[in-house]
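Structure record follows, encoded as C-alpha cells.
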Protein chains: 2
Amino acid sequence: MSVTIKDIAKSAGVSYSTVSKALRDSPLVKKPTKDLIMAVANELGYQPNIAARSLVSKKSFTIGVVWPTIEQTVLSKLITTINKELEELSYTTLISINEVKSALKIFSRYQVDAILVFDSSQSIVSSYSDVPIVMHGLANKQTPYPVIDVNRQKATYQAAQYLYKMGHRYISYIGDVEGDKLQKEKVKGFEQAILELELPTYSFQKIRVNNFEQYDGYEAAKQLLTLAKRPTAILTGSYDLARGALQAIYESNLSIPNDISIISYDNFPALEHFDIPLSTVGVPLDKISEKTIEILMKVINDEEVETKIFMEPELKITNSCTKIS
Amino acid sequence: MSVTIKDIAKSAGVSYSTVSKALRDSPLVKKPTKDLIMAVANELGYQPNIAARSLVSKKSFTIGVVWPTIEQTVLSKLITTINKELEELSYTTLISINEVKSALKIFSRYQVDAILVFDSSQSIVSSYSDVPIVMHGLANKQTPYPVIDVNRQKATYQAAQYLYKMGHRYISYIGDVEGDKLQKEKVKGFEQAILELELPTYSFQKIRVNNFEQYDGYEAAKQLLTLAKRPTAILTGSYDLARGALQAIYESNLSIPNDISIISYDNFPALEHFDIPLSTVGVPLDKISEKTIEILMKVINDEEVETKIFMEPELKITNSCTKIS
DNA sequence: TTGAAAGCGCTACCAG
DNA sequence: CTGGTAGCGCTTTCAA
C-alpha cells in the first residue's frame, strides 16, 4: 500500500486533518508543525492520491488533451508548448490519442478541469457531463464551447498580396490543394488574391502535394523550376514543404531571393536555421499557445468567453523575398 | 453537478447499491431491474466517476504512458498500436509528455495500474509508490522493473552478413553514427560484421546523418552514389532514411536491385507502398506491441516477470536485394 | 493552532 | 435478488 496522510499523522504524532492542512500549506498550521509534517512526508515518500483529493475538492488541476492524430507533427510543437505553460500554472496535462468521442468520455470520467480538443475533422462534439471544452479547429459552426481558429485564408491572401506588391506576377502555391477544410482555406486565400488583383489565372499556380513532408515540397518545387516560365515567387502551405522547396531551389543553382522569392505558411520559431531566414505568414506559435491557456483558464473559472476566437496571422518578411521589376 | 448513482437510484426507485451492481453487470441483479437501471442511466447521461471508483476498488483500468519525446514519430506508430490493443482489453491509455520523473509522479498520484515508459536517455527510473513500471529502452543495467529491448546490434549485423553472403563487398551504412546509445548499437552491429568477415575496412562505409528525416537519407545516398567506387548495397538506420535513399537512387537512374541493393532497419507495415518493396530488418511492430501488452498485464497481475526482455530482429528480404557476382 | 467528524461517489460486504 | 452500511484518502467545516 502507498503511504497516506494517516501514516504521516501517526509518524508525526498529529491528527490527520492537520497533516492535510500542512501539506496544502495552510496558514492555520504553525511553522514548526508544518516543517515536521513536511519532513515526515518526504521521508515516507508520500504522494497525494489525486482520486481522493478531486473527489472531495471537485478540482483535479488536470487538463485533458484530445489528440487523435499524433502523426501530425505540426501539433506536437504546439502541444509541447501548451504542456509547459500549463505546468508552470501547476496544471497537469494528460493526453489521449483515442478518437474524440471516447477521449471525451475518458476525461469526463476522470473529472479533469477542462478538455482541450484538437480536431480538424470538425465532428460535432457533444459534451459529456459538465467538463468545459475548448477546441482547436474551424470556428464556422455555432458551438456551445469556445473554438480557437486561425485565419488561414487571410494568411495566404496576405502573403500573395505582398508578393504581388513586390512586383511578382508568377506566383506558385505548393500545398495540399485537395486536403481537409483547414488546407482548403489556405488555397482559398491564395485564390482570393488572384481574383481581387484581377490577374490572369495562368500566372498563378497551385501544385498539389499529398502530405506535408519535406520531400513533397522538394518534388513540387522541382517540378515548378523546370517550367518554361518558372515562377518568381513560391508560397508553401507548411514549414516542411518550404524546407523541401528550398532544397530544390539550391540544387537548381538558383539563389534566394534574387532568382526566386519564398514565403511559408506556419509560424514557429524553428525557422531560423537556414542560410537565409525564411519569410513566414501565420499566427505565431507562442501567441496561439498563450491564447489557448487564457481561454482554458477562463472556462475553468466559469468566466464568460466568446465561442469563436479567430487569431490573426502575421506576415514576417525576411531576406527570402525581394522586389522585382 | 454531474449525475451519480444516487440520482439513478432515486429515478429508478431502487437502492444505490443495486445500481452499482447493475452497472457493473453483476449476476446478482435481476434482468428487468438491470434493464431499467441501464435505461435510466443512459437517459440521465451517467458517467461513472473514476476517482471514486478507483479509490475504493484500487483499480483504475488505466495505463500511463510516459513519452517525453513526442517529436520522434517512430514511436507514434507503436504507441498508437499499443493504445488500440489496450482499448480492446478495456484499459484506458493516458499519455504524459513531461520528463520521466515528473510524469511518473503524476501517474503514481493518479493511481494508474501500470506505467509504460519510453525513454532512450536511459536515465534511472526510481519508482514512486508501488505502481509497476515497464520500460522500453536499453536493457543493459540491472533494474527493478522489466525493460523491453530490441536487439539492434544483431539486426544490423544480420543484414550486413546477409548482404555479404549475396556477394556484396562494398556496403554502406547510413545512420546516426554519433547518436545516442540506441543508434550506436546499430552501428556496432554493422562494424561487428566487418570484423568477423575479416574484410578490409575500406570496403565498408558509414555515412553520418544528423537526424532521421527522409531528406537526410536522400543527401547521404546522393553523396554515396557519386563515389568513384560506389557501394553495391546500402543499409539504412531507419525507414525514413531509406525512403530518402530510394529517391536518390531513382534520381541517379540506377535500378534496384540490379545496380544497388538496399535494406532498412525498422520493421513496421507502412513499408509496402514502394515500387519495389523494401527489405527490412528489425522487430516487427506488432510483435513489440504484443510483447508490451503481455508484460503490462503480467506486472498488473503481480506475476513474475524477467527484468530484461530482448526481442529478436527479423530479416525480411524482398526484391530490393539481389545476389551479385 | 489543532483535532474530530462529515462526506465526496463509489464498491463490497452482509443482512434480509 | 435487493438494501443497508462501512470505508477508500482526502478536504473542509466546526469545536475545542
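Just so you know, these numbers come straight off a predicted model, no measurement behind them. Every chain is numbered from 1 and lettered A, B, ... according to where its sequence line falls, protein lines coming before strand lines.
Between the CG atom of B/D7 and the P atom of C/dG9 there is a distance of 8 Å, given to the nearest Å. Straight-line distance from the CD atom of A/Q111 to the P atom of D/dC10: 18 Å, rounded to whole Å. Rounded to whole Å, atom P of D/dG9 lies 15 Å from atom CG of A/L23. Taking atom NZ on B/K34 and atom P on D/dC1, their separation rounds to 9 Å, with Å as the unit. Nucleotide C/dG9 holds its P atom 16 Å from the CG atom of A/N49, rounded to whole Å. With rounding to whole Å, A/L55 atom CG is found 13 Å from C/dT11 atom C1'. The distance between atom CG of B/L28 and atom P of C/dA12, rounded to the nearest whole Å, is 11 Å. One interatomic measurement links the two molecules: NZ of B/K6 to P of C/dG7, which rounds to 9 Å at whole-angstrom precision.
In this model, the phosphate group of C/dG3 is not approached by any side-chain N or O of A/S17 to a distance below 4.0 Å at OP1 or OP2. At D/dC10, one or more side-chain N or O atoms of A/Y46 fall inside 4.0 Å of OP1 or OP2 (strictly under the cut-off).
Counting heavy atoms from C-beta outward, A/L182 and A/R152 have side chains that approach closer than 4.5 Å.
Under the 4.0 Å criterion applied to side-chain N and carboxylate O atoms, A/E290 and A/K287 are not assigned as salt-bridge partners. The pair B/E294-B/K298 meets the salt-bridge criterion, with a side-chain N (NZ, NE, NH1 or NH2) lying under 4.0 Å from an Asp/Glu carboxylate O.
The residue B/S54 sits apart from the nucleic acid: no heavy atom pair falls under 4.0 Å.
Counting only heavy atoms from C-beta on, A/K30 has its side chain closest to C/dT2 among C/dT2, C/dC8, C/dA4. Checking D/dC1, C/dG9, C/dC10 against the side-chain heavy atoms of B/Y16 singles out C/dC10 as nearest. Nearest to the side chain of B/R53, among C/dG3, D/dC8, C/dT11, sits C/dT11. For A/S20, whose side chain is taken as the heavy atoms from C-beta onward, the closest listed nucleotide among D/dT11, C/dG9, D/dT2 is D/dT11.
Cation-pi geometry between B/K308 and B/F310 is not met: the NZ or CZ atom fails to fall both under 6.0 Å from the ring centre and inside 45° of the normal.
With hydrogens and angles ignored, no donor-acceptor pair under 3.5 angstrom links the side chain of B/S15 to the base of D/dG4. A/K21 contributes a side-chain N or O that forms a donor-acceptor pair with the base of C/dG3 under 3.5 Å.
Taking the six-membered ring for Trp and thresholds of 30 and 60 degrees, A/F118 and A/H136 have nearly parallel ring planes, at less than 30 degrees apart.
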